[in-house]
Asks: 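So that we are looking at the same thing, I have put the structure below in structure tokens.
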Amino acid sequence: MIINHPLLGPRDASEFVYLGDACLMNRPAWVGERIEGEDANDAKTAEALQQYHDYVHLRQNNAGEHKELWYHEQGDRSWLVVTRNTITHEIYNVELAKDVALANKTARASQGGKK
Amino acid sequence: MRNSGFRYTGFRYSGFKVIKEALTGHKGWKPVWRTPEPKKEYDIIIIGGGGHGLATAHYLASRYNITNVAVLEKGWIGGGNVGRNTTIIRSNYLHPENQPFYELSMKLWEGLEQDLNYNAMVSQRGVLNLSHSDSQNDAYVRRGNSMIMSGADAQLLDQEGVRELYPFLDFDNARFPIKGGLLQKRGGTVRHDAVAWGYARGADSRGVDIIQNCEVTGFLIKDGKCTGVKTNKGDIGAKKVASCVAGSSSRVMSQAGMNLPIESHVLQAFVSEGLKPIIDGVITFGAGHFYISQSDKGGLVFGGDLDMYNSYAQRGNLPVVEDVCEIGMAILPAIGRAKLLRNWGGVMDMSMDGSPFIDRTHIKGLYFNGGWCYGGFKATPASGFCYAHLLATDTPHEVAKGFRLDRFQTGNVIDENGRGAQPNTH
Ligand SMILES: Cc1cc2nc3c(=O)[nH]c(=O)nc-3n(C[C@H](O)[C@H](O)[C@H](O)COP(=O)(O)OP(=O)(O)OC[C@H]3O[C@@H](n4cnc5c(N)ncnc54)[C@H](O)[C@@H]3O)c2cc1C
């Protein structure tokens, strides 16, 4: 597979290390962070534990389009979000993970603002 | 037999029958299982006609006398991983949740052919794990003791012991010298296709319907209870539905709204041209992933690492081919003279801790078996046995009670390699 690095151009996949589903970028606040606060209670702790469990251990494991994290270890050490088809191995899109994270943050902020 | 209307049409294999058929032009052999149309309803539906699904059906019928059972297979029997693996069986695990389970499997392998009246070519030719450092020797002492405590056999070899078995290995390799090894003599290989066929025949002859070209496309779920499945051959009702689809686990269970602690990855296997006998057991490299044996036809059968990225394609990429061949050359330089004949891939259900699941789900009547990673062939008999036990009695079998879906929530992970929630490293 050839990964079209946004900065370096086409690179062989063997230069990269694979981490997994890009949902790993959206870490929920962990239990300790949640329960310090005035509205801490057992239900909230349980919910936070559940969310953290789901984040660490459960995956959609899509057959077809899959957004995933690749690390350019033998290159510029950047993290990439690669959109790839897990049935055909075709790669649709490659972005810097940093850009994706910033875009997610902006999206979350504007959602929060609307509330 | 609860399944009325079924007549036993099977026959028994024997030496006499083989000779008789040889003399009469092999005209008396019959199909080994029927090709039924699905009934409206079954007591139990098993999804997936791989090794585990067929073994489950066989043990349900033969041990629990539950024969109103269907195995639904989207393709053909044996077309999945059961027919794609490198056929190694062993019971050399460390953790108490795993080792007794795999030792039960080994015992079932040892009696399999008599149980099924079918030649599965179970060959206890010995599995040798090489060690390349003093600390690895120490780790093997610990593993060996854990094996012996579960009633399995284990033998620690020093360098001379390994040299006696396989003098042609590269003992003085500059990076990974061979220091010794852990040998399990009862480990070995089994003819994988014959396992699927033997279990299919065993189940069919007791009245189980094996329905091929029947893909499950959804579940019938009402008020939190599963009452059957949707398929390309129509809806089929069932009191219990048991998923057993290996690499397709996430795809199938997502139809019941479940996300699993599983990623699907591709693993490749390789076979060389046929050679004269050189390797009479199974050898595994201890400093990375590589294992090799020789088939009865003479081909060297070997494999190594996953391709590392999520995949549902039953084929891999070239970097892993190169990697596997390099490791092969490192321990066994003679392999460089052999030509590679074929390679293929299979889709693995890699779990978050490298260990499997045999469990109920939160949906009543829906059961799950999966997460076998690349070691599920050796588990086939015990997996079928324990899944049948769970389905028949609604209690987990003693040796499979650690294989729960909620173990990451309760902290009871079974991580043989201590790698954490990174499926491709297990
Ligand atoms: C290259 C390779 C080498 C391996 N080497 C070894 C080894 O040496 N030792 C070892 O112990 N293990 C090994 N394994 C692992 C082992 O093969 C698997 O863990 C095991 O076979 C999985 O269980 P199974 O036989 O039931 O799977 P499968 O045979 O894959 O059965 C699952 C079945 O479910 C069917 N299915 C999927 N979706 C549906 C649906 N929607 N409806 C109906 N049916 C469906 C599939 O068609 C398939 O036939 C290896 C695997 C591979 C790929």
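First the proteins, then the strands, lettered A, B, ... as listed; each starts at 1.
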Asks: Are the aromatic rings of Tyr309(B) and His89(A) close, with centres under 6.0 Å apart?
Replies: yes
Asks: Sort out for me which of Ser249(B), Ser311(B), Ser248(B) touches chain A most, counting heavy-atom pairs under 4.5 Å.
Replies: Ser311(B)
Asks: With a 4.5 angstrom heavy-atom cut-off, which part of Ile262(B) approaches chain A: side chain, backbone, both or neither?
Replies: both
Asks: Using heavy atoms and a sub-4.5 Å threshold, report which of residues 412-426 of chain B line up against chain A, by residue number.
Replies: Ala421(B), Gln422(B), Asn424(B)
Asks: What distance separates Cys23(A) SG from Asn259(B) CG, expressed to the nearest 0.5 Å?
Replies: 9.0 Å
Asks: To the nearest 0.5 Å, how far apart are NE2 in His265(B) and OG1 in Thr86(A)?
Replies: 10.5 Å
Asks: Give the minimum heavy-atom separation between Asn317(B) and Met1(A), together with the two atoms involved.
Replies: ND2-CG, 3.5 Å
Asks: Indicate yes or no for a side-chain donor-acceptor contact from Asn61(A) to the backbone of Ser264(B) under 3.5 Å, with no hydrogens or angles considered.
Replies: yes
Asks: What are the two closest heavy atoms between Thr88(A) and Arg315(B), and how far apart are they?
Replies: O-NH2, 3.5 Å
Asks: So, using ring-ring contact (aromatic ring centres under 6.0 Å, His included) as the criterion, who are the partners of His57(A) when residues are at least two apart?
Replies: His53(A), Phe408(B)
Asks: How close do Ile87(A) and Tyr312(B) get, heavy atom to heavy atom, and via which atoms?
Replies: CG1-CB, 4.1 Å
Asks: Under a 4.5 Å heavy-atom cut-off, does chain A meet the side chain of Ser254(B), its backbone, both or neither?
Replies: neither
Asks: Looking at His66(A) and Asn310(B), what are the two nearest heavy atoms and their distance?
Replies: CE1-ND2, 3.4 Å
